[in-house]
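One structure is given below, encoded as structure tokens.
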Amino acid sequence: VGGVSVESINSGGWSMGCTDVVCCVIFVIFILGYIALGTVAWIHGDPRKVVYPTDSHGQFCGQQGTPNANKAILFYFNILQCANPAVLINLQCPTTQLCVSKCPDRFATYLDMQYNYRYNNSYWEYYRQFCKPGFDNPRKSVAQVLRDEDCPSMIVPSRPFLQRCFPDFITRNGTLTVANKTVFKDGLGKTRSVIDLRDAANGITSLLDAKEVGMKIFEDYANSWYWILIGLVITMVVSLAFILLLRFTAGVLLWLIIFGVIAVVGYGIWHCYWEFSTLRGKPHGDGDVTISDIGFQTDFRVYLQLSQTWLIFMISLSVIEAVIIIILIFLRRRVRIAIALLKEGSRAIGYIMSTLFYPIVTFVLLAICIAYWAVTAVFLASSGDAVYKVMSTQDKCMYANLTCDPETFSQTNVTKVCPGSQCTFAFYGGESLYHRYIFVLQLGNLLVFLWLVNFTIALGQCTLAGAFASYYWALRKPQDIPSCPLFSSFSRAVRYHTGSLAFGSLILAVVQMFRIVLEYLDHKLKGAHNAFARFLICCLKCCFWCLEHFIKFMNRNAYIMIAIYGKNFCTSAKDAFFLLMRNVVRVAVLDKVTDFLLFLGKVLISGSVGVLAFFFFTRKIPVIQEEVPSLNYYWVPLLTVIFGSYLIAHGFFNVYAMCVDTLFLCFCEDLERNDGSPLKPFYMSPQLHRILRREQGSKLYAAS
């Protein structure tokens with residue numbers, strides 16, 4: 001048929017042998033190199049450097065088998081010398097850092113301890129746990145203690161955060177306090193304000209609030225995980241039932257989707273208007289308060305008490321409703337054609353039900369890629385030996401940030417030139433060839449990760465396309481459909497077309513890598529005043545975004561042509577491009593309308609499950625009110641159910657989308673190669689031929 005034998009078409013043209021062998025060899029070499037990179041990173045890396053905080057001597061806090069095994073928290077001798085929280089978290093604070101078992105719970109100075117020690121030895125026993133191990137001379141003068149960095153000049157009530165001791169800030173009646181005090185002694189003869197602590201640890205209070213919110217969210221997940229799982233299972237069952245029903249009642253269900261989405265959004269508009277009117281009608285209530293008046297609140301229920309919030313919701317939903325209705329008015333005739341194509345797709349999936357579960361294979365492969373990339377990145381980041389640098393409180397110290405040796409630091413003249421400077425652990429690194437190219441290896445790790453992810457997605461697309469192509473090119477359906485079409489298609493894709501899939505994936509991975517670099521540059525230039533550079537970066541980001549989506553579209557259709565005829569990537573991409581250009585109107589109408597309808601299906605399923613979850617977690621279902629767990633934030637399990645439901649529905653509907661795209665390309669190819677005569681019969685089903693091959697349909701396309 002058209003230069004290709006019927007047997008070749010029925011088998012998808014898979015007898016043409018391996019394609020893009022050079023790319024396949026390069027891909028295998030890169031995988032072996034990626035494994036070698038992971039092995040080297042595993043040998044040199046130590047994730048404990050990321051997990052555990054490190055003291056001034058580069059020793060881990062809380063590491064088992066070391067003197068710090070029971071000392072999992074990092075303590076700063078003088079937190080006032082720390083400029084900001086980023087300095088603290090990065091261990092770049094110019095003060096001695098010590099591993100301790102607990103944070104201080106009171107204000108105290110070394111001078112006070114010496115005075116009280118004469119009467120009660122317990123003062124020293126408490127204070128010594130924040131001194132260097134082995135120091136046991138409470139009578140040593142303060143000047144000598146501070147010079148030798150034996151003990152801190154003061155301690156302040158603290159609590160652990162990120163395994164580090166930070167001042168325990170509490171706001172009482174609008175006044176910032178630490179242990180109910182607003183001032184304290186710094187151990188150097190000065191009285192300092194708590195504001196000084198806040199300035200030294202600027203932003204820590206918000207981080208502590210974030211930790212508290214995180215703990216509440218964790219509690220909500222612990223209390224509601226069972227019901228979240230039930231919601232996701234319901235989504236899976238509904239999605240599967242929806243697809244099975246689509247095989248028999250595609251038209252009815254799709255119109256139900258359309259009107260269902262319109263009804264759901266309409267109900268949302270009415271509910272928002274009702275809430276807005278109710279809050280507006282309250283005298284001296286929260287109706288007149290704006291979002292900007294209350295600022296950011298961790299309890300999102302506060303925003304639901306504002307009329308402005310519901311007004312924003314109502315306007316947003318109204319715009320969405322108007323867009324949906326306008327699209328449907330202008331594309332109502334195309335919707336009928338898309339329904340016919342979906343019916344054909346539902347028949348194909350009905351004969352090859354195993355395709356519905358292939359997304360699980362893709363998910364597992366993607367999970368392996370992500371896990372390997374993350375572990376390799378952590379091991380690479382934690383490679384190297386401890387590097388110490390001079391940390392000085394003076395801005396003009398000539399030795400600042402230079403490497404130093406803590407064993408010989410006291411014998412140098414650095415402390416004389418820069419009084420108060422410390423030889424402090426900075427980070428892990430080295431001077432070897434491996435350590436000098438850690439950043440390059442991280443970039444290589446990211447590039448190969450993107451390549452593998454795109455290859456996994458490409459393998460899934462080619463596998464599904466091959467299975468559905470075997471359905472289309474079967475002259476007698478279902479008698480001529482090969483046995484185990486999904487497994488056969490997967491085997492052919494791996495055996496013959498790994499090089500082609502790797503080629504297309506590499507092109508996409510390179511473009512995505514450029515986008516990541518541009519995002520990084522854009523982030524770095526946000527504070528810059530060079531308007532032209534920011535404009536250029538913005539234009540490049542837009543261009544590469546368009547390029548990435550175009551390549552994704554072309555790769556998808558190229559993989560379909562590879563599955564049909566078994567040609568190499570470039571030839572398949574060229575054939576797919578010109579085939580689509582010759583049918584550009586059909587592509588624009590059928591393909592995009594189908595995508596829109598499938599998107600509405602995802603929204604309806606995830607939205608319906610989300611509404612059910614909302615009524616459940618807000619205790620608005622009387623029958624099962626007692627079963628609802630106690631929650632801090634009901635939106636935590638609610639958003640999880642909605643997002644998870646959408647992902648599950650997307651997995652099922654993505655199979656449908658691939659099926660429709662494959663059948664559409666096969667249909668266009670069928671129209672060009674065959675004329676319906678006994679010598680060149682059409683392979684499309686009679687129903688699809690009646691709708692899409694009519695002369696009236698052609699005129700409709702031309703008119704559109």
For the CH2 atom on Trp227, are there more than 12 heavy atoms of other groups (residues, nucleotides or ligands in this structure) within a distance under 6.0 Å? yes
From CG (Leu540) to CZ (Arg515), nearest 0.5 Å: 12.0 Å
Heavy-atom closest pair (Gly566 atom, Thr19 atom, distance to 0.1 Å) is O-CG2, 3.1 Å
Flag if over 12 foreign heavy atoms under 6.0 Å of OH, Tyr646: yes
Six-ring centre of Tyr565, Lys567 cation under 6.0 angstrom, axis tolerance 45°: yes
Backbone N/O of Thr571 and side chain of Asn568: donor-acceptor pair under 3.5 Å: yes
Keeping Asp661 on the side-chain end and Asn557 on the backbone end, is there a donor-acceptor pair under 3.5 Å? no
Evaluate Leu380 against Leu37 for side chain to side chain contact (heavy atoms under 4.5 Å, CB included), listing each step before the verdict. CA-CA 9 Å; Leu380 282 173; Leu37 173 62; 4.2 Å; yes
Give, for atom CD1 of Ile35 and atom OG1 of Thr376, the distance between the pair rounded to the nearest 0.5 Å. 10.0 Å
Could you check whether atom CZ of Phe30 has more than 12 heavy atoms from other residues, nucleotides or ligands sitting under 6.0 Å from it? no
Please test Glu672 against Leu579 for side chain to side chain contact (heavy atoms under 4.5 Å, CB included), starting from the C-alpha separation and ending with a verdict. CA-CA 9 Å; Glu672 292 190 356; Leu579 181 62; 3.6 Å; yes
Side-chain contact test, heavy atoms from C-beta onward, threshold under 4.5 Å: evaluate it for Leu459 versus Phe490 and give yes or no. yes
Polar side-chain atom of His44 near backbone of Val40 as donor-acceptor pair, under 3.5 Å: yes
Ring center gap for Phe455 and Phe27 short of 6.0 angstrom: yes
At their closest point, which heavy atom of Thr456 faces which heavy atom of Thr362, and how far apart are they? CG2-O, 4.0 Å
Distance check, rounded to the nearest 0.5 Å: Leu665 atom CG versus Phe468 atom CZ? 14.0 Å
Which residue is it: Val611, Leu604, Ile605? I am looking for the one with a side chain to side chain contact (heavy atoms under 4.5 Å, CB included) to Ser608. Leu604
Between Ser470 (side chain only) and Ala467 (backbone N and O only), is there a donor and an acceptor less than 3.5 Å apart? yes
Within the 4.5 Å heavy-atom criterion, are Gln512 and Glu548 side-chain neighbours or not? yes
Under 4.5 Å between any side-chain heavy atoms of Tyr471 and Ile349, yes or no? no
Sub-4.5 Å side-chain heavy-atom contact between Leu365 and Val453: no
Intermediate values then yes/no, side chain to side chain contact (heavy atoms under 4.5 Å, CB included), Trp373 and Leu446: CA-CA 7 Å; Trp373 165 77; Leu446 179 60; 4.1 Å; yes
Between atom CZ of Phe503 and atom SG of Cys24, what is the distance when rounded to the nearest 0.5 Å? 13.5 Å
I'd like to know whether Ser489 forms a side chain to side chain contact (heavy atoms under 4.5 Å, CB included) with Leu486, so could you lay out the CA-CA distance, the side-chain angles of the two residues, the decisive distance to 0.1 Å, and finally the verdict. CA-CA 5 Å; Ser489 178; Leu486 183 67; 5.5 Å; no
Closest heavy-atom pair, Ile642 versus Gly610, reported as atoms and distance to 0.1 Å, is CG1-CA, 3.6 Å
Validation row, ring centre Tyr472 to ring centre Tyr683 under 6.0 Å: no
Within the side chain of Asn555, is there an N or O that forms a donor-acceptor pair under 3.5 Å with the backbone of Gly504? yes
Verify the distance criterion only: is there a donor paired with an acceptor across the side chains of Ser572 and Asp575 at less than 3.5 Å? no
Kindly say whether the aromatic ring centers of Tyr34 and Trp451 come within a distance under 6.0 Å. no
State, yes or no, whether a side-chain contact exists between Leu229 and Tyr226 at a heavy-atom distance under 4.5 Å. no
Asn445 side chain to Leu441 backbone, donor-acceptor under 3.5 Å: no
Quick check: closest heavy atoms across Pro482 and Pro485, and the distance to 0.1 Å? O-CD, 3.4 Å
So, do Leu443 and Met513 sit near enough that their side-chain heavy atoms are less than 4.5 Å apart? yes
Indicate yes or no for a side-chain donor-acceptor contact from Gln442 to the backbone of Ala377 under 3.5 Å, with no hydrogens or angles considered. yes
When you measure from the side chain of Thr463 to the backbone N and O of Ala493, does any donor-acceptor pair fall under 3.5 Å? no
Tell me the closest heavy-atom pair linking Pro637 and Ser224, and the distance in Å. CB-OG, 3.5 Å
Does a donor on one side chain sit under 3.5 Å from an acceptor on the other, for Ser645 and Thr235? yes
Determine the minimum heavy-atom distance between Ala558 and Ala576, stating which atoms define it. N-CB, 4.1 Å
CD1 on Ile228 to OG1 on Thr640, rounded to 0.5 Å: 4.5 Å
How many angstroms lie between OG in Ser500 and CG in Asp20, if you round to the nearest 0.5 Å? 3.5 Å
Heavy-atom distance under 4.5 Å between the side chains of Ser505 and Tyr559, does that happen here? yes
Sub-4.5 Å side-chain heavy-atom contact between Phe569 and His497: no
